[in-house]
Enquirer: 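Here it is, the structure in full.
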Amino acid sequence: MTALARPRFGTALAVQVRVVVSLMLREMRMHAKHSRLSYLLEMLEPMLQLSMMMAVFSAIGRQADFGTSMLLFLGTGMIPYFVFMHISSKAMTALRGGGLSKGVPLVKPLDLLVARALLETLQLAVVAILLFSFIHIVMGVPEAAPIQPLKVVSAFLVITATAIGVGIVNGVIGAFFRLWAVVYGVFGRSLLFLSAVFYVPDYMPTQIRDWLVWNPVLHGVEWFRTGFYLTYPTECLDKTYLLSWALGSIFLGLILERASRRRRMAAK
């Protein structure tokens, strides 16, 4: 008997692309089916939180640590933070769920993870474009148009990759420790205050800054802001550190996912 020929790489890739696109469309339909309003609010969550923070800071007379617009300064911090938290959370739940992947043999947990991560990335990219367009056109802040768009896009993509890697690791842990999602949620909310969203790390005391720089999200925020502010202080910024987190977390996550696949499937 002759062995079955393996499909060509191009054919296999085309199948995977169709699977991922189908899953993305399915996710969109599921969200819209349950509640279009809640889906819209979920997409606009960064804008809603930014509005609340602006109201608080305006009430106490807080000024931007850098630049002339507090709204832009907060926006350039909130977007990278939300990219990391939303995508890592979606990736984590994709591995923990797995109901669809059990019912449809062609669909693997990583397919669902990639679909959710890509959908969330596209949604947050649209939110970012709308937000900074609003600040630039309606609020009249010229700095809201990125001076170096390549830096903005690069930071967005690297923080996305980091979020996917962290999400895979969290998904594997969460498959065996159900309360991990709650723990990560609490940790994620505290991360808002440790990621340079409200301040410039270079202006902080050295003893505090030396601890803050261990947070990879902080470097994503710093990198993102350099695309908007030409003279933004970057002594704390370490792009290599963030890239190492992105590659390392994805590599570790894929190893853990592969090693624990049978146990996770048996546990469901």
Side-chain angles (χ1 to χ4, degrees), residues 35 37-90 120 123-147 152 155-156 159 163 181-209 211-229 231-234 236-237:
S35 174
L37 179 60
S38 64
Y39 184 48
L40 179 62
L41 290 176
E42 183 180 340
M43 280 189 63
L44 298 180
E45 183 184 354
M47 291 187 179
L48 296 175
Q49 286 214 14
L50 180 59
S51 300
M52 293 174 60
M53 290 178 183
M54 272 300 301
V56 172
F57 287 153
S58 297
I60 64 177
R62 170 77 182 270
Q63 300 296 317
D65 280 15
F66 195 86
T68 58
S69 171
M70 187 65 184
L71 182 58
L72 178 61
F73 183 77
L74 284 177
T76 53
M78 289 292 295
I79 290 297
Y81 166 78
F82 267 99
V83 167
F84 178 80
M85 285 308 304
H86 276 222
I87 295 175
S88 61
S89 297
K90 292 288 184 180
E120 195 69 23
Q123 291 174 352
L124 288 169
V126 171
V127 169
I129 292 171
L130 291 175
L131 174 63
F132 295 121
S133 297
F134 174 82
I135 297 174
H136 177 63
I137 298 170
V138 179
M139 303 302 294
V141 180
E143 295 90 349
I147 299 173
V152 174
F156 192 95
I159 198 98
V182 178
V183 174
Y184 185 67
V186 173
F187 171 76
R189 284 188 286 274
S190 66
L191 205 62
L192 178 65
F193 303 98
L194 303 174
S195 301
V197 174
F198 312 120
Y199 51 86
V200 177
D202 282 14
Y203 296 166
M204 302 293 287
T206 304
Q207 59 269 30
I208 297 177
R209 190 172 61 207
W211 284 101
L212 290 175
V213 293
W214 288 98
N215 174 15
V217 183
L218 178 143
H219 297 275
V221 171
E222 294 282 274
W223 191 349
F224 192 80
R225 278 185 175 147
T226 59
F228 290 87
Y229 302 109
T231 58
Y232 188 81
T234 56
C236 289
L237 174 59

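Below, each value reflects all heavy atoms present in this structure, side chains not excepted, and no hydrogens, waters or symmetry copies.
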Enquirer: Roughly how far, to the nearest 0.5 Å, is CD of Glu143 from CZ of Phe66?
Expert: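 Rounded to the nearest 0.5 Å, the CZ-CD separation comes out at 10.0 Å.
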Enquirer: Assign the ring pair Phe224 / Phe156 to parallel, tilted or perpendicular, where the plane angle (0 to 90°) is split at 30° and 60°.
Expert: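 It falls in the tilted class, 30° to 60°.
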Enquirer: Roughly how far, to the nearest 0.5 Å, is NE2 of His86 from CD of Gln123?
Expert: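 The distance works out to 10.0 Å.
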Enquirer: What's the verdict on side-chain contact (heavy atoms from CB on, under 4.5 Å) for Tyr199 and Leu212, showing C-alpha distance, side-chain angles and the deciding distance?
Expert: CA-CA 12 Å; Tyr199 51 86; Leu212 290 175; 3.7 Å; yes
Enquirer: Are Thr76 and Tyr229 close enough that some pair of their side-chain heavy atoms sits under 4.5 Å apart?
Expert: yes
Enquirer: Do Tyr203 and Pro233 have side chains that approach each other closer than 4.5 Å (heavy atoms only, starting at C-beta)?
Expert: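 With C-beta onward as the side chain, the pair touches.
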Enquirer: Do you know which two heavy atoms are closest between Pro146 and Val152, and how far apart they sit?
Expert: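 What the structure gives for the nearest pair is CB-CG2, 3.9 Å.
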Enquirer: Decide yes or no for Phe82 and Glu120: does some side-chain heavy atom of the first lie under 4.5 Å from some side-chain heavy atom of the second?
Expert: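 A side-chain contact under 4.5 Å is absent here.
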Enquirer: CD1 of Ile135 to CZ of Phe228: how many Å apart, nearest 0.5 Å?
Expert: 8.0 Å
Enquirer: Provide the closest heavy-atom pair for Pro80 versus Ile159 in the form atom of the first, atom of the second, distance.
Expert: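 Distance-wise, the nearest heavy atoms are O-CG1, 4.0 Å.
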Enquirer: Under a 4.5 Å cut-off applied to non-hydrogen side-chain atoms, are Ile79 and Phe132 in contact?
Expert: yes
Enquirer: Do Phe198 and Leu192 pass the side-chain contact (heavy atoms from CB on, under 4.5 Å) test, and can you show the C-alpha distance, the side-chain angles, and the key distance before you say yes or no?
Expert: CA-CA 9 Å; Phe198 312 120; Leu192 178 65; 3.9 Å; yes
Enquirer: Are the side chains of Glu222 and Thr226 in contact, using a 4.5 Å heavy-atom criterion?
Expert: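 Of all side-chain heavy-atom pairs linking Glu222 with Thr226, none is under 4.5 Å.
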Enquirer: About how many Å separate CZ of Arg209 and OG1 of Thr206, when rounded to the nearest 0.5 Å?
Expert: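 Thr206 atom OG1 to Arg209 atom CZ measures 4.5 Å (nearest 0.5 Å).
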Enquirer: List the atom of Phe84, the atom of Leu191, and the distance in Å for their closest heavy-atom pair.
Expert: CE2-CD2, 3.9 Å
Enquirer: Going through the distances and angles, do Phe57 and Leu74 end up as a side-chain contact (heavy atoms from CB on, under 4.5 Å)?
Expert: CA-CA 10 Å; Phe57 287 153; Leu74 284 177; 3.5 Å; yes
Enquirer: Measure from the side-chain N and O atoms of His219 to the backbone N and O of Leu237, and report whether any donor-acceptor pair falls under 3.5 Å.
Expert: no
Enquirer: Just by modelled atom types, is the Gly220 backbone N or O under 3.5 Å from a matching donor or acceptor in the Tyr81 side chain?
Expert: no
Enquirer: Using atom types as modelled and distance alone, determine if a side-chain donor or acceptor of Arg225 lies under 3.5 Å from a backbone N or O of Phe73.
Expert: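 At least one qualifying donor-acceptor pair exists.
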Enquirer: Rounded to the nearest 0.5 Å, how far apart are CG of Leu218 and CG of Leu194?
Expert: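 Answer for the CG-CG pair, Leu218 versus Leu194, is 9.0 Å.
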Enquirer: Within this structure, what is the CG-CG distance for the pair Leu131 and Leu71, rounded to the nearest 0.5 Å?
Expert: 6.5 Å
Enquirer: How about CZ on Phe187, more than 12 heavy atoms from neighbouring residues, nucleotides or ligands closer than 6.0 Å, or not?
Expert: no
